[in-house]
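The structure under discussion appears below in the form of structure tokens.
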Amino acid sequence: MEYATTVLTGFVALYIFMLAAFTGFEIIGRVPSILHTPLMSGSNFVHGIVVVGALWALLNASSTLQQAIGFFGVLLGAGNAAGGYVVTERMLEMFKPSDKKKG
Amino acid sequence: MNAALIIDAAYFAAAFLFIYGLKRMSSPVTARSGIVVAGWGMVVAVLASFLYTLDVEEAAKPHLTTNIILAAVALTLGLGWAWWSGKKVAMTAMPQMVALYNGMGGGAAAAIAAIELFGHKTHGSVGLSLAVLGGLIGSVSLSGSLIAWAKLDGRINKTLRLSGLQAINGSLLVVLLGIGAYTVYLHGGVTMPVLGLFFALALVYGVMMTMPIGGADMPVVISLYNAFTGLAVGFEGYVLNNPALMIAGMVVGSAGTLLTLLMAKAMNRSVSNVLFSNFGATGDEEQGEIQGSMRPVDAGDAGINMRYASKVIIAPGYGLAVAQAQHKLYEFVKLLQDNDVDVKFAIHPVAGRMPGHMNVLLAEAGVPYDIIYDMEDINGEFKEADVAIVIGANDTVNPAARTNKSSPIYGMPILNVDQAKQVYVVKRGQGKGYSGVENELFFRDNTNMVYGDAQKVMVAMIQAVKSLDGGGH
């Protein structure tokens, strides 16, 4: 059987946007301020998913101008994703509790 | 197998992993695994996207080979550069690096919008509106973040203060929205120069918006642009009918907005204040004479005094990180702990360059997060402390913020270090703080100054305590 991609328009898109917005709000809601910097960096990484959209745009480019813009889009998007991951991971790796006492 | 099915399933998995990862990142215990989980989401989504090559638009088919090569080169270059730069950046420079990566994401979203609009690929007024808006927001985020990066990195020192700047920016925004509305009205049928002008003006707008903002407020702005990029990505996701972009973008858009508000609140600033007015622009008012004098003390004596204290609270500031003294400080703290001194760190919300930055810098030195306390949690404890030691901080411990109404920092919450029985202030010289305000704490009877480079001071303290306990080597 042939599978067709779900088309997300109108209210379906609106529902997605609304639920995603509330999800983001709830996740950050009670976060301690010690994590503000890493969390900003972490959410910065997550929107690096834009590289996927840029990839699609570049692969479907049909003129030199589109290819040039698409090339920069993918370049920047890949930088966002990779850079965001590396710095967030480096910061969070350092957070450690005391290993002694607490007994 | 059907490629479209695999792609959709992969995006579903990615959306789940992103949200679950972010959730884990919101607690220090699970944070590390959170970014790894989100990272796998990204890997899955990007790998699945290579299946796009099986089914491209008719017009793009003759170019497919070139496009695949371009994509591979762009991915490799972007990934390689970012990985390299992210690995080598110093922890003190983290805020500007986040700004830079964030700007790149905004640029990518704007690029998607440009291709869609230039190629007349988007139809329908909702899609066109979102493509235009995403392009605008993404471009502003790109150029604005670049300015923020340059300012924090010390590449731009000027703070632009034109009297009519707000009016210019306002008209610029009206023109941008006008061109956007025109584009939607003509169903995307606008000429290339008009669209080119649109993107150029959007970039200019980002620059003009960021230039007047001072360095101290920059973290709030970076966080705001992070939310902007999220929104732009979400909008372009709609344009491309891509649920992964829609969900990830909108989650970051709202989470980033909330984070921006929390940061501004912690800094005693409102977001509109940050964007439309200048800190300290009120000028030089009379700050009044401060009575008394500063009394210096030897670092070794201060160290030994703390060795015999039962409770010590440390208030670190950015100066500690600049002197790279975190490691020596923690060595000293461990020495005190071995002598049964109760040691705690007190972190002001704006210690470092952005909220949470000081925690990262201390974590780098191996300080466990459970002896680090937020301002609200520890401020009541200073009166029980034998010693409070201030290292590389100034404005965040200035009692004038509580009492002196004419002071530019009046109203900012501060650490109550002055309530401790004895206060030591480690400082390079007699200069003023970031805000240019004299600090009356330094003149108090219970305060002694330890002059010198923070790292050398810590070494002297360590040696003094060691020679006391072990008789030296």
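Note that the coordinates shown come from a computational prediction; the quantities given were computed from them, not determined experimentally. The analysis underlying the following values was restricted to heavy atoms, covering all of them including side chains, and did not include hydrogens, waters or symmetry mates. In the text below, chain A, chain B and the rest are named by the order of the sequence lines, each starting its count at 1.
- Looking at heavy atoms from C-beta onward, M104(B) lies out of side-chain contact with L75(A) at the 4.5 angstrom threshold.
- Annotation: side chain of F95(A) is not in contact with side chain of R32(B) (no heavy-atom distance under 4.5 Å).
- For chain B, the option among S41(A), A57(A), A21(A), G10(A) with the highest count of heavy-atom pairs below 4.5 Å is A21(A).
- Contacts with chain B were tallied for I16(A), V52(A), L19(A), V74(A); V52(A) has the most, counting heavy-atom pairs under 4.5 Å.
- Ring geometry for W83(B) versus Y85(A): interplanar angle under 30°, hence parallel rather than tilted (30 to 60°).
- Only the side chain of D374(B) comes within less than 4.5 Å of a heavy atom of chain A; its backbone N, CA, C and O stay farther away.
- Interface remark: L64(B) contributes side-chain atoms only to the contact with chain A (heavy atom separation under 4.5 Å).
- Shortest non-hydrogen contact noted between E116(B) and W56(A) is OE2-CZ3, 3.8 Å.
- Counting heavy-atom pairs under 4.5 Å between each of I347(B), L22(B), V46(B) and chain A puts L22(B) at the top.
- Here N44(A) contributes atom CG and Y225(B) contributes atom OH; the two are 14.5 Å apart, rounded to the nearest 0.5 Å.
- The closest side-chain heavy-atom distance from I49(A) to V233(B) is below 4.5 Å.
- Rounding to the nearest 0.5 angstrom, the gap separating the CG atom in L240(B) from the CG atom in L8(A) is 11.5 Å.
- For K61(B), no part lies near chain A; criterion is any non-hydrogen pair under 4.5 Å.
- For the residue pair N226(B) and S43(A), a side-chain donor N or O sits within less than 3.5 Å of a side-chain acceptor on the partner.
- For the set M91(A), E26(A), M94(A), M18(A), the entry with the most heavy-atom pairs within less than 4.5 Å of chain B is M94(A).
- When the candidates N242(B), I19(B), V29(B) are compared by the number of heavy-atom contacts under 4.5 Å with chain A, I19(B) comes out ahead.
- Of the listed residues (N241(B), N67(B), V89(B)), the one with the most heavy-atom contacts under 4.5 Å to chain A is N67(B).
- Interface summary for chain A: among E58(B), M91(B), K23(B), the most heavy-atom pairs under 4.5 angstrom belong to M91(B).
- To the nearest 0.5 Å, the span separating OG on S254(B) from CZ on F22(A) amounts to 9.0 Å.
- Contact annotation for S223(B): both backbone and side-chain heavy atoms come within less than 4.5 Å of a heavy atom of chain A.
- Counting non-hydrogen atoms of other residues, nucleotides and ligands closer than 6.0 Å to CG of D377(B) gives a total above 12.
- Of the two parts of S27(B), only the backbone, made up of N, CA, C and O, holds a non-hydrogen atom closer than 4.5 Å to a non-hydrogen atom of chain A.
- The shortest distance between side-chain heavy atoms of P28(B) and L35(A) falls below 4.5 Å.
- Taking CG from N80(A) and CG from L79(B), the interatomic distance works out to 11.5 Å, rounded to the nearest 0.5 Å.
- For the side-chain contact (heavy atoms from CB on, under 4.5 Å) with L92(A), the lone residue among V36(B), T30(B), V360(B), I35(B) that qualifies is I35(B).
- The shortest side-chain heavy-atom distance between V73(B) and F71(A) falls under the 4.5 Å cut-off.
- E236(B) does not touch chain A: none of its heavy atoms, backbone or side chain, sits under 4.5 Å away.
- Using modelled atom types, no side-chain atom of N60(A) and backbone atom of V56(B) make a donor-acceptor pair closer than 3.5 Å.
- Although no hydrogens or angles enter the test, the distance criterion places a donor-acceptor pair under 3.5 Å between the side chain of R90(A) and the main chain of K87(B).
- For the atom pair CD1 (I27(A)) and CZ (R24(B)), the distance works out to 13.0 Å, reported to the nearest 0.5 Å.
- For chain A, the option among V367(B), I247(B), T76(B), T229(B) with the highest count of heavy-atom pairs below 4.5 Å is T229(B).
- Note that CG of L262(B) is 8.5 Å distant from CD1 of I28(A), once rounded to the nearest 0.5 Å.
- For chain A, the nearby part of M94(B) is the side chain; its heavy atoms alone come within less than 4.5 Å.
- Contact annotation for L362(B): neither backbone nor side-chain heavy atoms come within less than 4.5 Å of a heavy atom of chain A.
- Heavy-atom contacts from other residues, nucleotides or ligands closer than 6.0 Å to OH of Y373(B) number more than 12.
- Your options are A82(B), G356(B), A111(B), A74(B), and the one with the most heavy-atom pairs under 4.5 Å with chain A is A74(B).
- Only the side chain of M192(B) comes within contact range of chain A, with heavy atoms under 4.5 Å apart.
- Across every non-hydrogen atom of M25(B) and T88(A), the tightest pair is SD-CG2, 4.2 Å.
- In this structure, F118(B) places its CZ atom where more than 12 heavy-atom neighbours from other residues, nucleotides or ligands lie under 6.0 Å away.
- Of all heavy-atom pairs spanning S62(A) and A59(B), the tightest one is CB-O, 3.5 Å.
- In the displayed structure, Y52(B) atom OH is contacted under 6.0 Å by more than 12 heavy atoms of other residues, nucleotides or ligands.
- For the pair A71(B) and L55(A), the tightest heavy-atom approach, listed with the atom from each and the gap, is CB-CD2, 3.8 Å.
- In plain terms, the two heavy atoms of A255(B) and G24(A) that are nearest each other are CB-O, 3.6 Å.
- Inter-residue side-chain proximity for V46(A) and V251(B) is flagged as unmet; no heavy-atom pair is nearer than 4.5 Å.
- In terms of non-hydrogen atom pairs under 4.5 Å with chain B, the most contact-rich of P38(A), A13(A), G79(A) is G79(A).
- Contact tally against chain B (heavy-atom pairs below 4.5 Å) for A61(A), A81(A), A54(A): the top residue is A61(A).
- Here the closest heavy-atom approach between residue A108(B) and residue G73(A) is recorded as CB-O, 3.4 Å.
- Within the 4.5 angstrom heavy-atom criterion, no atom of V126(B) approaches chain A.
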